[in-house]
2 protein chains.
Amino acid sequence: MKKQAVHNTSNLCRAQILGIKSAMEILSGKWKLYILGTLLLHDKMRFMDLLREIDGIAAKMLSKELQDMEINQLVRRTVVDTKPLTVQYELTSAGRSLQQVITEVSKWGIEYRDNL
Amino acid sequence: MKKQAVHNTSNLCRAQILGIKSAMEILSGKWKLYILGTLLLHDKMRFMDLLREIDGIAAKMLSKELQDMEINQLVRRTVVDTKPLTVQYELTSAGRSLQQVITEVSKWGIEYRDNL
DNA sequence: GAAACTAGTTACCTTTATGAAACTACCTTT
DNA sequence: AAAGGTAGTTTCATAAAGGTAACTAGTTTC
């Protein structure tokens, strides 16, 4: 008899796993948490501020990631009518709700690196 | 005069950002947190258990990700001398130290999805 | 002995991610 | 008018990630 895929994980646990999946669909990639972490620290930033602050990112990547996160409503983009015109990026409330995630990831990254 | 890249981020903040970078180097990819989360819930699992439990993953991917995480000392692989021989995978202490990260990511993912 | 189990590996292919550099377009300062 | 600022986009390229399916190799159960 063929062995069945017995999922003995409880529904509660499965919900947790699905949570990870949903989160990773939104947050995956080399730059997203980096950008979000930077915006968390600075409140409002212009495109060129982010480009200079985020070490190593190319304009194309920054632009694409910001658009991505705007679509997912983590980031708000506002054109400011200055001369020359500037664009402000800031976290939405959904973006700010990532604070705990970012804190834990950052803490773990520092500890992991120290224990090498 | 050319504009300089003025990093007005404090050293403390920069450390946080570097923490994110370190963490993402280890944890990036579609499957790693999924696998780690599953191992966190089950303590010890065999290869085929993981393959059946983790929905959608291919043997090749699972194998590669486990090797990756073994190298990074998040997962321990033990060959058990049963007949037929089996292989047990479990988290190391470094792997278990991801508990908070996984909890927060999972919580956020569930909330985010619910607020859609 | 055929079929199913164990734990993977290998080959081939497609898609996604990422990067460097040049370019647009418009405004301001020197 | 030249140089530098604003915020990007476009083009061209490579690297990394991920997927399918077949295959190895030994063990065990029907």
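Treat the numbers as computed from the prediction; the structure is a model and nothing was measured. Note on naming: letters A, B, ... go to the chains in the order of the sequence lines (proteins, then strands), and numbering restarts at 1 for each one.
Looking at A:V79 and A:T86, their side chains never come closer than 4.5 Å, going by heavy atoms from C-beta outward. No side-chain heavy atom of A:I20 sits less than 4.5 Å from a side-chain heavy atom of B:L36.
Judged purely by distance below 3.5 Å, without hydrogens or angles, the side chains of B:S22 and A:R113 pair a donor atom with an acceptor atom.
To the nearest angstrom, C1' of C:dC5 lies 12 Å from CG of B:L85. Atoms CG (B:D68) and P (C:dG8) sit 15 Å apart, rounded to a whole Å. To the nearest angstrom, C1' of D:dG8 lies 10 Å from CG of A:L62. In this structure, the CE atom of A:M24 is 13 Å from the P atom of C:dA17, given to the nearest Å.
Among the nucleotides D:dG8, C:dT28, C:dG8, the one closest to any side-chain atom of A:K83 is C:dT28.
Counting any heavy atom pair closer than 4.0 Å across all strands shown, A:Q67 reaches sugar-phosphate atoms only and no base atom.
Taking the nucleotide of DNA chain D with the nearest heavy atom to each of A:T86 and A:S63, the more 5' of the two is matched to A:T86.
Between B:D68 and B:K32, at least one side-chain N (NZ, or NE/NH1/NH2) sits under 4.0 Å from a carboxylate O, which counts as a salt bridge.
Using the Watson-Crick or G-U wobble rule with both distances under 3.5 Å, D:dG8 pairs with C:dC23. Pair check for D:dC30 finds C:dG1; Watson-Crick or G-U wobble, both atom distances under 3.5 Å.
More than 12 heavy atoms of other residues, nucleotides or ligands lie within 6.0 Å of CD in A:E90, so this atom counts as buried by the packing criterion. Summarising the local packing, CD of A:Q88 is surrounded by more than 12 heavy atoms from other residues, nucleotides or ligands at distances under 6.0 Å.
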Using a cut-off of under 3.5 Å, enumerate the N/O to N/O pairs linking the protein to nucleotides 18-23 of chain C.
{"unit_1": "C:dT18", "atom_1": "OP1", "unit_2": "A:K30", "atom_2": "N", "d": "2.8"}
{"unit_1": "C:dG19", "atom_1": "OP1", "unit_2": "A:K30", "atom_2": "NZ", "d": "2.6"}
{"unit_1": "C:dG19", "atom_1": "OP2", "unit_2": "A:W31", "atom_2": "NE1", "d": "3.1"}
{"unit_1": "C:dG19", "atom_1": "N7", "unit_2": "A:K60", "atom_2": "NZ", "d": "3.2"}
{"unit_1": "C:dG19", "atom_1": "O6", "unit_2": "A:K60", "atom_2": "NZ", "d": "2.1"}

